[in-house]
Colleague: 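Pasting a structure here, questions to come.
Since this is a predicted model, take the numbers as computed values, not measurements.
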Amino acid sequence: MAKENYINLTFIIDESGSMYSSTNDVIGGFKSTIEEQKKVEDGKCTVSLFKFNDTVKEVYLGKDVNEIDSIDYIANSVTAMNDGIGTAIDKVGKWLSDMNEEDRPSKNLVIIMTDGAENASKEYTFERVKEMIKHQEEKYNWTFMYMGTDITSMEDVKKLGIKMSAFSSRRDFASNYSVVNEATKLYRSLKCDAVSAAATMDAFLSTEADAMTTKYEAENNIKLL
């Protein structure tokens, strides 16, 4: 049986050129999340970090949050989002399968942060990644959350089959990390079984994601389709 109140956060972060103006927000938001999680006494949190532009970079896999400082981030090149997501799922899945059951996290939350559409993947197609996401959700109860910044279409989200998405403007980028941070704190502190804790966290994420998207649409006078 997996370890209750133990969550692994997998960040899959866009490092393409269009993210250049968000560099400070990416670095600052990530560091703030890590520092906040270090203060939480309940449960356990590990972090897996992947960055993507024309290539995918595995920064670390299942690293204890207390051993993490900040993030190196240099935005450039194009957007191989599918390769980033597919690689992360394969790598995290392999890491988990190699662990003893009693040592595994009871929850895996995968956060995809991007400001642009897929345009450069070579290894993974939308169809393949969609099937991978569905498999992890249905068999292992992973939660996937797509967080888009200054995006005007939900086309990629639909192609990936991701059920939970949140959209924000670039000036409100910090809200992405804030939602993830609060959801993770919640999961680590809940005094109930892992299934109930996961359901509670997912409900919180869904509500916050909807609120972020509604705010974004209102501020920009758009309707995401």
Colleague: Please tell me if the side chains of Phe11 and Lys51 come closer than 4.5 Å, counting only heavy atoms from C-beta onward.
Modeller: no
Colleague: Would you please name every residue forming a salt bridge (charged side-chain N to carboxylate O under 4.0 Å, His left out) with Glu138, sequence neighbours left out?
Modeller: none
Colleague: Do Ile68 and Val40 belong together in a cluster built from hydrophobic side chains that touch within less than 4.5 Å?
Modeller: no
Colleague: Picking from Arg188, Lys44, Lys185, what satisfies side-chain hydrogen bond (donor to acceptor under 3.5 Å, both in side chains) with Gln37?
Modeller: Arg188
Colleague: Would Ile162 and Ile133 count as a side chain to side chain contact (heavy atoms under 4.5 Å, CB included) here? Give the steps.
Modeller: CA-CA 8 Å; Ile162 295 177; Ile133 289 172; 3.9 Å; yes
Colleague: Hey, does the side chain of Ser32 reach the backbone of Gly28 with a donor-acceptor pair shorter than 3.5 angstrom?
Modeller: no
Colleague: Locate the shortest heavy-atom distance separating Ala2 from Pro105; write the atom from each residue and the value.
Modeller: CB-O, 3.8 Å
Colleague: So, taking the atom named CG in Leu61 and the one named NZ in Lys94, what distance separates them when rounded to the nearest 0.5 Å?
Modeller: 10.0 Å
Colleague: Do Tyr146 and Thr114 get their side chains close enough for a donor-acceptor pair, meaning under 3.5 Å?
Modeller: no
Colleague: Any pair with a residue in residues 52-101 that passes ring-ring contact (aromatic ring centres under 6.0 Å, His included), sequence neighbours left out, goes on the list, sorted by first then second residue, please.
Modeller: none
Colleague: For the pair Tyr177 (side chain) and Val26 (backbone), establish whether a donor and an acceptor sit closer than 3.5 Å, ignoring hydrogens and angles.
Modeller: yes
Colleague: Taking the side chain from Asn82 and the backbone from Ala80, do they hold a donor-acceptor pair closer than 3.5 Å?
Modeller: no
Colleague: To the nearest 0.5 Å, what is the distance between CD1 (Ile13) and OG1 (Thr10)?
Modeller: 11.0 Å
Colleague: Grouping I, L, V, M, F, W and Y whenever their side-chain heavy atoms are under 4.5 Å apart, do Val179 and Val65 come out in a common cluster?
Modeller: yes
Colleague: Taking only Lys NZ, Arg NE, NH1 and NH2, and the carboxylate oxygens of Asp or Glu, determine whether Glu131 and Lys134 approach each other closer than 4.0 Å.
Modeller: no
Colleague: Hey, are Tyr187 and Thr200 close enough side-chain-wise for a donor-acceptor pair under 3.5 Å?
Modeller: no
Colleague: Can we say Lys163 and Glu137 salt-bridge, meaning some charged N sits less than 4.0 Å from an Asp/Glu carboxylate O?
Modeller: yes
Colleague: Just wondering, do Ile27 and Ser70 contact through their side chains at under 4.5 Å, heavy atoms?
Modeller: yes
Colleague: What are the two closest heavy atoms between Asn141 and Ala198, and how far apart are they?
Modeller: ND2-CB, 3.7 Å
Colleague: Keeping Thr184 on the side-chain end and Val180 on the backbone end, is there a donor-acceptor pair under 3.5 Å?
Modeller: yes
Colleague: Taking salt bridge (charged side-chain N to carboxylate O under 4.0 Å, His left out) as the test, write out the residues that go with Glu67, two or more places apart.
Modeller: none
Colleague: Test your reading of the model: is there a side-chain donor-acceptor pair from Thr79 to the backbone of Gly116, 3.5 Å cut-off?
Modeller: no
Colleague: I'd like to check Ile7 versus Asn108 (side-chain heavy atoms, cut-off strictly below 4.5 Å). Are they in contact?
Modeller: no
Colleague: What is the distance from atom NZ of Lys91 to atom CZ of Phe50, rounded to the nearest 0.5 Å?
Modeller: 7.0 Å
Colleague: Does Asn5 use its side chain to pair, donor to acceptor, with the backbone of Leu190 at less than 3.5 Å?
Modeller: yes
Colleague: When rounded to the nearest 0.5 angstrom, what is the spacing between CD1 in Ile12 and CD1 in Ile112?
Modeller: 5.0 Å
Colleague: Check residues 202-210 and write down every donor-acceptor pair under 3.5 Å in which the side-chain atom is one partner and the other belongs to a residue at least two apart or another chain.
Modeller:
{"from": "Asp202", "atom 1": "OD1", "to": "Thr143", "atom 2": "OG1", "distance (Å)": "2.9"}
{"from": "Asp202", "atom 1": "OD2", "to": "Thr143", "atom 2": "OG1", "distance (Å)": "3.0"}
{"from": "Thr207", "atom 1": "OG1", "to": "Ala203", "atom 2": "O", "distance (Å)": "3.1"}

Colleague: Looking at side-chain heavy atoms only, is the closest gap between Val110 and Trp142 below 4.5 Å?
Modeller: yes
Colleague: Does Ser175 offer a backbone N or O that forms a donor-acceptor pair with the side chain of Asp172 under 3.5 Å?
Modeller: no
Colleague: Same cluster or not: are Met145 and Met132 linked, directly or through other Ile, Leu, Val, Met, Phe, Trp or Tyr residues, by side-chain heavy atoms under 4.5 angstrom apart?
Modeller: no
Colleague: Looking only at non-hydrogen atoms, find the nearest pair between Ser169 and Asp150 and report the distance.
Modeller: CA-OD1, 3.2 Å
Colleague: Does Asp83 reach the main-chain N or O of Ser121 with its side chain, forming a donor-acceptor pair under 3.5 Å?
Modeller: no
Colleague: Linking I/L/V/M/F/W/Y whenever their side-chain heavy atoms sit closer than 4.5 Å, directly or via other members, would Met147 and Val47 fall into one cluster?
Modeller: yes
Colleague: Can you check whether Lys3's main-chain N or O pairs, donor with acceptor, with Ser106's side chain at less than 3.5 Å?
Modeller: yes
Colleague: Salt bridge (charged side-chain N to carboxylate O under 4.0 Å, His left out) between Lys39 and Glu36: does it pass, once the steps are laid out?
Modeller: CA-CA 5 Å; Lys39 298 175 185 176; Glu36 285 298 310; 3.3 Å; yes
Colleague: Can you name the residues that form a salt bridge (charged side-chain N to carboxylate O under 4.0 Å, His left out) with Lys38, not counting sequence neighbours?
Modeller: Glu35
Colleague: Taking all non-hydrogen atoms of both residues into account, name the closest pair between Met201 and Leu186 and its distance.
Modeller: CA-CD2, 4.1 Å
Colleague: Supply the atom-to-atom distance Asp156 CG to Ser165 OG, rounded to the nearest 0.5 angstrom.
Modeller: 11.5 Å
Colleague: To the nearest 0.5 Å, tell me how far Asp115 CG sits from Ser168 OG.
Modeller: 10.5 Å
Colleague: Please examine the side chains of Asp14 and Met81, heavy atoms only from C-beta on, and report whether any two atoms are closer than 4.5 Å.
Modeller: no
Colleague: Within the supplied structure, the quantity of interest is the number of heavy atoms (other residues, nucleotides, ligands) at a distance under 6.0 Å from Asp72 CG; does it exceed 12?
Modeller: no
Colleague: Less than 4.5 Å apart, side chain to side chain, heavy atoms only: is that true for Leu49 and Phe30?
Modeller: yes
Colleague: Indicate yes or no: does Glu118 engage Lys159 in a salt bridge with an N to O separation below 4.0 Å.
Modeller: no
Colleague: Looking at every non-hydrogen atom in both residues, tell me the closest pair between Met113 and Asn176 and how far apart they are.
Modeller: CE-CB, 3.8 Å
Colleague: Just wondering, do Asn8 and Val92 contact through their side chains at under 4.5 Å, heavy atoms?
Modeller: yes
Colleague: Looking at every heavy atom in both Lys158 and Leu225, which two are closest together, and how far apart are they?
Modeller: NZ-C, 3.2 Å
Colleague: With side chains defined as the heavy atoms from C-beta onward, is the minimum distance between Ile71 and Val59 less than 4.5 Å?
Modeller: no
Colleague: Where does the angle between the aromatic ring planes of Phe167 and Tyr216 fall among parallel (under 30°), tilted (30 to 60°) and perpendicular (over 60°)?
Modeller: parallel
Colleague: Without swapping roles, check the side chain of Ser77 against the backbone of Ser16 for a donor-acceptor pair under 3.5 Å.
Modeller: no
Colleague: Any side chain to side chain donor-acceptor pair (under 3.5 Å) pairs touching residues 19-29, not counting sequence neighbours?
Modeller: Ser22-Arg170
Colleague: Hey, is Lys191 close enough to Asp42 for a salt bridge, meaning N to O under 4.0 Å?
Modeller: yes
Colleague: Taking Phe126 as the starting point, is it possible to reach Met164 by hopping between hydrophobic residues whose side chains are less than 4.5 Å apart?
Modeller: no
